[in-house]
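Worksheet for the structure shown next.
Residue numbers begin at 1 in each chain, while the letters A, B, ... track the order of the sequences.
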Amino acid sequence: MALKLYNTLTRDKVDFTPIDPQNVRLYVCGPTVYDLAHIGNARPVIVFDLLFRLLRHLYGASRVTYVRNITDVDDKINARAARDFPGLALNEAIRKVTSDTEAQFQADADALMTLRPTLQPRATEHIAEMVEIIEKLIASGHAYVAEGHVLFDVPSMPDYGALSRRPLDDMIAGARVDVAPYKRGDMDFVLWKPSSDEEPGWPSPWGRGRPGWHLECSAMSWKHLGETFDIHGGGIDLVFPHHENEVAQTRCAFGHDVMANIWMHNGFLQVEGEKMSKSLGNFLTIRDLLADWPGEVLRFTMMKTHYRQPIDWTVKSLEESWKTLDDWYWLAGDVAGSRPAEAVIEALSDDLNTPKTIAELHALRNAAQRADGAVHLDLFAGSLRFLGLLQETPSAWAARRKASAAVDVARVEALIAARLAARNARDWAESDRIRDELTALGLVLKDAKDPVTGELKTTWEPAR
RNA sequence: GGCCUCGUGGCGGAGUGGUCACGCAGCGGACUGCAAAUCCGUGUACUCCGGUUCGAAUCCGGACGAGGCCUCCA
């Protein structure tokens with residue numbers, strides 16, 4: 001089955017045809033590194049990792065280029081640096097903020113079992129490309145210089161607003177944008193702005209300054225993927241103004257009708273039915289969640305909802321995910337798996353239909369459980385690993401549960417041994433008393449007979 | 001105010017113009033000394049009102065409700 005993707009540009013699902021099947025090119029907006037990434041930031045990281053894996057499967061691992069940028073120049077970074085490191089020179093403080101935040105982001109992304117993108121370019125390493133784009137825009141009449149700023153001349157682009165479907169007239173009518181006196185048009189946006197001596201800046205034909213918000217993505221996608229490429233992704237909130245302005249810059253600079261053929265946007269996330277915000281106190285960083293939940297549980301929870309739908313992020317959903325993954329580890333945790341099942345690839349190929357994909361996993365799991373299920377078990381494990389699940393050893397996975405219980409392991413093991421002795425003596429009262437004691441500690445026992453020897457064996461884990 | 005998305009069973013969550021999503025929970029059974037785990041089986045649905053149609057939860061229109069963007073934001 002052909003890969004189908006929903007294209008924000010045309011608002012419909014289309015067959016994906018790469019410009020060059022030998023080099024399929026994907027660009028995703030990465031983090032602005034000024035603060036810890038939150039669970040909402042994890043969504044595009046996971047969603048586009050799944051797309052990256054699927055593209056590698058369909059076109060070959062070496063034939064997909066996935067670029068996810070690191071934006072390390074931004075006024076939010078400057079503000080954070082000044083706040084957190086008042087003793088340091090600003091540039092040094094900025095470097096500290098960006099390198100610390102970037103390292104934490106990489107650790108978070110790894111813990112979510114995502115593959116590293118092919119390239120993770122930094123904005124500050126592409127100032128020359130940004131300047132070049134601005135020069136092209138000025139030369140072609142799409143940008144102008146005013147009081148040390150360079151601005152994009154929005155009315156110079158007749159079909160500005162096509163991606164977000166906002167006719168220019170409407171936007172101006174309801175404009176809440178910053179109306180600076182040097183702007184020719186209300187919607188014009190900054191490409192380059194002057195920096196004071198204390199602010200970070202780079203030399204340019206328009207004086208020492210720094211780039212506007214949208215320019216870094218135009219510069220980095222151009223440098224690493226070319227003037228036009230296949231897929232551009234990001235959160236739905238970026239459609240306007242960020243992606244709209246990126247499109248304007250890139251298309252006007254290089255004179256093409258399109259920047260990326262397909263634009264994909266993931267939906268938003270709520271926490272326990274409410275908008276996530278610092279003021280509500282429900283702001284969940286990835287790092288904090290990883291303290292309580294395995295990364296695979298976060299990843300799987302994200303996969304339970306289609307990427308374009310809103311997710312309500314709840315503890316209940318996380319607990320269900322953990323339970324499901326426990327079962328899958330129990331059944332297939334030590335199976336290597338040779339390849340993903342075709343049904344999984346098909347489900348994923350339908351615009352990354354992860355809920356359908358999960359239904360296929362359940363079907364494989366149930367088939368593997370039956371007699372002569374070896375083939376299914378191989379495909380089941382292969383599918384899970386393909387999707388970035390089942391990445392730990394079964395024992396490491398099981399240990400996570402036990403680690404979350406504050407109990408004396410040696411004492412628990414001793415009690416279980418005593419119970420086993422009581423059971424072998426058919427002393428049910430004593431056996432049940434010990435089980436009650438362990439239940440009171442918040443533990444659940446599972447008895448099993450060894451299928452070969454018939455020997456009784458008891459395992460334990462914290463109740464949830 | 002402008003633009004956009006969405007409304008499915010107790011909960012989560014896909015999909016489709018006319019037989020099943022799937023998972024969790026529940027219920028019944030097997031297994032068990034009793035449980036837990038596991039296995040087998042099982043009920044409940046498509047916000048409302050019109051329209052198109054032989055037939056709509058699925059298409060069209062309207063109402064109501066929820067969310068998002070328009071300002072930093074995944």
Side-chain angles (χ1 to χ4, degrees), chain A residues 8 11 28-32 34-35 37-48 74-76 79 161 164-167 169-178 187 213 233-244 265-270 273-278 286 300-314 316-324 326-327 330-331 347 350-351 353-363 365-366 369-370 422-423 426-429 431-432 435-436 438-439 443-449 451 456-461 463:
Chain A
T8 305
R11 312 280 155 119
V28 174
C29 289
T32 298
Y34 71 102
D35 201 359
H38 57 68
I39 189 59
N41 296 304
R43 196 169 190 190
V45 171
I46 292 167
V47 164
F48 292 105
D74 187 284
D75 287 353
K76 289 195 294 288
S164 56
R165 305 221 167 165
R166 287 156 200 264
D169 297 347
D170 292 0
M171 281 191 276
I172 292 168
R176 279 201 262 160
V177 293
D178 172 35
M187 296 305 297
W213 173 29
I236 194 162
D237 56 309
L238 295 180
V239 174
F240 189 89
H242 183 58
H243 288 162
E244 197 70 74
H265 294 96
N266 61 269
F268 252 56
L269 175 149
Q270 289 193 301
E274 289 184 308
K275 182 169 171 140
M276 181 168 65
S277 73
K278 284 178 180 166
I286 300 173
F300 184 71
T301 299
M302 210 65 95
M303 289 170 61
K304 290 200 292 192
T305 303
H306 183 88
Y307 76 93
R308 284 191 278 117
Q309 294 295 120
I311 289 187
D312 188 12
W313 190 263
T314 62
K316 183 165 182 269
S317 182
L318 287 163
E319 281 172 350
E320 266 186 33
S321 297
W322 199 338
K323 222 160 98 173
T324 301
D326 275 347
D327 177 64
W330 167 76
L331 185 65
D350 183 11
D351 193 32
N353 191 335
T354 48
K356 180 85 189 326
T357 304
I358 290 170
E360 297 295 349
L361 292 174
H362 286 299
R365 181 246 180 253
N366 293 334
Q369 184 59 223
R370 297 194 188 99
R423 293 186 65 204
R426 306 185 71 80
D427 183 352
W428 310 127
S431 157
D432 290 350
R435 185 169 66 197
D436 290 345
L438 289 165
T439 302
L443 306 182
V444 176
L445 301 188
K446 294 182 188 176
D447 293 332
K449 258 184 197 160
L456 281 171
K457 199 164 184 285
T458 301
T459 56
W460 66 275
E461 66 177 46

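When the P atom of B:U38 is taken as reference, atom NZ of A:Lys446 falls 6 Å away, rounded to whole Å. Between A:Met302 atom CE and B:A74 atom P the separation is 13 Å, expressed in whole Å. Between A:Asp74 atom CG and B:A74 atom P the separation is 10 Å, expressed in whole Å. Rounded to an integer number of Å, the gap from NE2 of A:His306 to P of B:G15 is 7 Å. In this structure, A:Asp327 atom CG and B:A36 atom C1' are separated by 15 Å, rounded to whole Å. One interatomic measurement links the two molecules: NE2 of A:His38 to C1' of B:C72, which rounds to 11 Å at whole-angstrom precision. Rounding to whole angstrom units, CZ of residue A:Arg11 and C1' of B:C4 are separated by 7 Å. Atom-to-atom, CG of A:Asp350 to C1' of B:G15 comes out at 9 Å; the value is rounded to the nearest Å.
The residue A:His265 sits apart from the nucleic acid: no heavy atom pair falls under 4.0 Å. At the heavy-atom level, A:Gly234 lies under 4.0 Å from the strands shown only through sugar-phosphate atoms. A:Leu269 comes within 4.0 angstrom of a base, heavy atoms only.
Between A:Glu319 and A:Lys323, none of the side-chain N atoms (NZ, or NE/NH1/NH2) sits under 4.0 Å from a carboxylate O, so this pair counts as no salt bridge.
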All N/O contacts under 3.5 Å from nucleotides 31-33 of chain B to the protein, with atom names and distances to one decimal?
{"residue": "B:G33", "atom": "O6", "partner": "A:Ser431", "partner atom": "OG", "Å": "3.2"}
{"residue": "B:G33", "atom": "N1", "partner": "A:Asp432", "partner atom": "OD1", "Å": "2.9"}
{"residue": "B:G33", "atom": "N2", "partner": "A:Asp432", "partner atom": "OD2", "Å": "2.6"}

Every protein N/O within reach of nucleotides 6-8 of chain B N/O, cut-off under 3.5 Å:
none

Step-by-step side chain to side chain donor-acceptor pair (under 3.5 Å) determination, A:Lys304 to A:Ser317: CA-CA 9 Å; A:Lys304 290 200 292 192; A:Ser317 182; 3.3 Å; yes
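Distance check on atom C1': B:U58 versus B:G7 gives 14 Å, rounded to whole Å. One P atom belongs to B:A56, the other to B:C72, and the distance between them is 49 Å to the nearest Å. Nucleotides B:A14 and B:C22 place their C1' atoms 8 Å apart, quoted to the nearest Å. Look at the P atom in both B:U47 and B:C6: the space between them is 14 Å, to the nearest Å. Nucleotides B:G12 and B:G26, compared at atom C1', are 15 Å apart to the nearest Å. For the P atom pair drawn from B:A74 and B:A57, the interatomic distance equals 41 Å after rounding to whole Å. Separation of the C1' atoms belonging to B:C46 and B:G17 is 14 Å when rounded to the nearest angstrom. Here the separation of B:C31 from B:C39, taken at their C1' atoms, is 8 Å to the nearest Å.
Contact between A:Ala422 and A:Ser431 at its shortest, heavy atoms only, is CB-N, 3.9 Å. Across all their heavy atoms, A:Phe240 and A:Ser164 have their closest contact at CD1-OG, 3.5 Å. Annotation for A:Ile236 and A:Gly267: closest pair CG2-CA, 4.3 Å, computed over non-hydrogen atoms. When all heavy atoms of A:Pro44 and A:Gly40 are compared, the closest pair comes out as CD-O, 3.4 Å. Between A:His243 and A:Cys29 the shortest heavy-atom distance is NE2-SG, 3.3 Å.
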Nucleotide-resolved protein contact map, nucleotides 19-26 of chain B, B/S/- at heavy-atom distance under 4.0 Å: --BSBSS-
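Remark: the A:Thr301 side chain and the A:Ser321 side chain contain an N/O donor-acceptor pair separated by less than 3.5 Å.
Contact of the A:Leu269 side chain with the A:His38 side chain is not registered, since no non-hydrogen atoms from C-beta on lie closer than 4.5 Å. Taking 4.5 Å as the limit, every side-chain heavy atom of A:His265 sits out of range of all side-chain heavy atoms of A:Tyr307. Side chains of A:Arg43 and A:Thr305 form a contact here, defined as non-hydrogen atoms less than 4.5 Å apart. Taking 4.5 Å as the limit, some side-chain heavy atom of A:His306 sits within range of a side-chain heavy atom of A:Asp351.
Between the side chain of A:Asp312 and the backbone N or O of A:Gly273 there is at least one donor-acceptor pair closer than 3.5 Å. A donor-acceptor pair is defined here as one N or O able to donate and one able to accept, closer than 3.5 Å; such a pair exists between the side chain of A:Glu244 and the backbone of A:Gly161.
Using a 5.5 Å limit on the distance between ring centres and a 30° limit on the angle between planes, the aromatic ring of A:Phe268 counts as stacked on the six-membered base ring of B:A74.
With sequence neighbours excluded, the residues satisfying ring-ring contact (aromatic ring centres under 6.0 Å, His included) with A:Phe300 are A:Trp328. Checked against ring-ring contact (aromatic ring centres under 6.0 Å, His included), A:His242 has the following partners two or more places apart in sequence or in another chain: A:Trp213, A:His214.
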Pairing pattern in dot-bracket form [Watson-Crick, G-U; both distances under 3.5 Å; | = partner strand] for RNA chain B: (((((((..(((.....[...))).(((((.......)))))....(((((..]....))))))))))))....
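The nearest heavy atom of RNA chain B to A:Met276 and to A:Gln270 marks one nucleotide each, and the one closer to the 5' end goes with A:Gln270.
Proximity note for A:Lys275 (side chain, C-beta onward) versus B:A74, B:C69, B:G15: the nearest is B:C69. For A:Asp237, counting side-chain heavy atoms from C-beta on, the closest listed nucleotide (B:U38, B:C69, B:A14) is B:C69.
Between B:G13 and A:Thr305, a contact under 4.0 Å exists linking OP1 or OP2 to a side-chain N or O.
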